[in-house]
Amino acid sequence: MNIPFLDLKAPHEELRTGLRDAFDRVLDSGWYIHGEEVKQFELEFAEYCQVEHCVGVGNGLEALHLILRAYGIGDGDEVIVPSNTYIATWLAVSYAGATPVPVEPDERTYNIDPLRLESAITPQTKAIIAVHLYGQPADMDAINAIARKNDIKVIEDAAQAHGAYYKGRRVGSLGDAAGFSFYPGKNLGAIGDGGAVTTNDAALAQRIRVLGNYGSLVKYHNEVKGYNSRLDELQAAVLRAKLPKLNEWNARRQAIAAQYLNQLDANALVLPHVPDWANPVWHLFVVRSQRRDALQKQLGNAGIGSMIHYPIPPHLQLAYGELGYAAGAFPIAEAIHREVLSLPMGPHLGAANAMLVIAACAKDITTSP
Ligand SMILES: *Cc1c(COP(=O)(O)O)cnc(C)c1O
């Protein structure tokens, strides 16, 4: 038996003809950066996310970085981030020259805990980056209310949550601006790097266009010192071919998640908790166990791929030694990182394979002391 953690080839097999058309269109156009494909994708993705503006950028990290820059957030400023997230969320803040200030998550949803936000806010705080971790929306109404009261920006890190709903509204439309990643493994993935910013703030969208294109809106006229961070035509064409499939593929993830939630042993594993206002898109299906490493080995022996998201929290990474956090500084995040395991999940996993994953998890419980 061999069940991979994620099958990246299957979605492209399903769309082979459409993808070939996309390649041909770009080849034939003779135009490879900032052309018709990017323009159309931006319109289509903005509509999908229920926002006015979408700006294609180089990747998800750049999307967050450019949002911070465009808001003028940098040296001496603080930005609140989850203590448990992929390090890119923190790196975007560091890139901008600001300091990431970690806040612990809610134990049940793994998303930033609004009740802990207020005490982390200082006069230097300029923004909160809320991550919709594993594809489940954070509690945005509570976060927005605190942000409004303290006059700070709310930025969504939506890199894992394309298409998720919060109280009936799409992720990407819930704060001041949102950053998306189209890294190949994401729910909407390119065949290379890509990213986007979504927002209803026209001025912000315009600033990001300028910043991501060398600080220039009119070619060779540079208003500011910008960056090179662009979604290219080929990736945009691929994303346009895949976007119409996203809802169906997310629904297939939801079916697998329902199967897991119904049939995994909730006494032996901590299963994901979904608040009634959340409609997650299951970028990852994450279980928690104090015997995580043994469980992963057991699955591996059964030929089943699994991964840990993530093994080391950002505050304990060498890269963030400068912040001086010791082990124990963020105990909730640290316990999560010790205990989480991501089971196989994806639109092409199938119910039969999911059943085998469930059986292999159960075996671990019955055959171990
Ligand atoms: C993938 C990811 C990013 C970064 O996206 P890239 O396109 O790889 O730069 C940022 N935040 C989160 C939560 C992610 O999962």
Side-chain angles (χ1 to χ4, degrees), residues 57-69 71-107 110-134 138 143 152-160 179 181 183 185-186 193 195 225 227 229 283-284 286 288 290 292-293 296 307-342:
V57 298
N59 54 59
L61 171 59
E62 278 295 328
L64 297 171
H65 169 233
L66 291 173
I67 293 167
L68 293 166
R69 289 276 182 190
Y71 278 133
I73 296 170
D75 274 355
D77 295 332
E78 294 176 0
V79 176
I80 292 175
V81 293
S83 56
N84 64 318
T85 178
Y86 183 54
I87 198 167
T89 316
W90 288 42
L91 288 174
V93 177
S94 302
Y95 256 40
T99 303
V101 174
V103 165
E104 291 266 66
D106 177 305
E107 281 259 29
Y110 305 129
N111 277 326
I112 201 163
D113 185 350
L115 298 176
R116 295 171 191 271
L117 273 181
E118 204 124 35
S119 62
I121 294 173
T122 74
Q124 282 71 50
T125 310
K126 293 292 173 348
I128 298 167
I129 304 183
V131 180
H132 306 304
L133 198 66
Y134 308 149
I143 294 166
I152 56 186
K153 298 291 182 194
V154 174
I155 299 164
E156 298 174 77
D157 180 343
Q160 302 189 355
S181 164
Y183 182 77
K186 309 289 179 167
D193 276 313
K225 295 186 200 74
Y227 309 87
S229 183
H283 175 59
L284 299 170
V286 175
R288 215 174 141 172
Q290 288 180 7
R292 186 263 314 272
D293 293 344
Q296 183 168 40
M307 287 185 77
I308 297 169
H309 297 93
Y310 298 88
I312 304 170
H315 72 278
L316 297 180
Q317 297 281 3
L318 275 178
Y320 277 109
E322 73 203 34
L323 295 180
Y325 293 118
F330 297 97
I332 298 178
E334 290 168 31
I336 289 171
H337 287 74
R338 270 195 305 275
E339 297 176 5
V340 289
L341 188 67
S342 306

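The basis for the numbers below is simple: all heavy atoms, side chains too, and nothing from hydrogens, waters or symmetry mates. If you're wondering where the values come from, they're calculated on a predicted model, not measured in any experiment. Along the sequence shown, the residues carry numbers beginning at 1.
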For the residue pair [X] and [Y], what are the closest heavy atoms and their distance?
X	Y	result
Y183	D193	CD1-OD1, 3.9 Å
E104	P331	OE2-N, 3.1 Å
G179	A63	CA-CB, 3.8 Å
V286	S342	CG2-OG, 3.5 Å
I312	H337	C-CD2, 3.5 Å
P313	S83	CB-O, 4.0 Å

Is there a donor-acceptor pair under 3.5 Å between the side chain of [X] and the backbone N or O of [Y]?
X	Y	answer
Q160	H283	no
E334	F330	yes
E339	R288	no
S229	G58	yes
D113	V103	no
N84	Y110	yes

Separation between [atom1] of [X] and [atom2] of [Y], rounded to the nearest 0.5 Å:
X	Y	atom1	atom2	answer
L323	L316	CG	CG	11.0 Å
I129	I112	CD1	CD1	9.5 Å
I67	D157	CD1	CG	9.0 Å
L133	I336	CG	CD1	8.5 Å

Review point. What residues form a salt bridge (Lys or Arg N to Asp or Glu O under 4.0 Å) with R338, not counting sequence neighbours?
Key: none
Point to revise | N111 and P82, any side-chain heavy atoms less than 4.5 Å apart | key: no
Counting only heavy atoms not in [X] (residues, nucleotides, ligands), do more than 12 fall under 6.0 Å from its [atom1]?
X	atom1	answer
Y71	OH	yes
Y86	OH	no
E107	CD	yes

Practice item. Quick one: do I128 and I152 satisfy side chain to side chain contact (heavy atoms under 4.5 Å, CB included)? Show the steps, please. Key: CA-CA 7 Å; I128 298 167; I152 56 186; 3.9 Å; yes
**Study point:** T89: which of I155, V131, V79 passes side-chain contact (heavy atoms from CB on, under 4.5 Å)
**Key:** V131
Exercise for review: With sequence neighbours excluded, give me every salt bridge (Lys or Arg N to Asp or Glu O under 4.0 Å) pair touching residues 123-133.
Suggested key: D77-K126
Let me check something: any side-chain donor-acceptor pairs from residues 92-99 under 3.5 Å, sequence neighbours excluded? List them with distances.
| from | atom 1 | to | atom 2 | distance (Å) |
| --- | --- | --- | --- | --- |
| S94 | OG | W90 | O | 3.3 |
| S94 | OG | Y320 | OH | 2.4 |

Review point. Hey, mind stepping through T125 and V101 against side chain to side chain contact (heavy atoms under 4.5 Å, CB included) and telling me if it holds?
Key: CA-CA 9 Å; T125 310; V101 174; over 6 Å; no
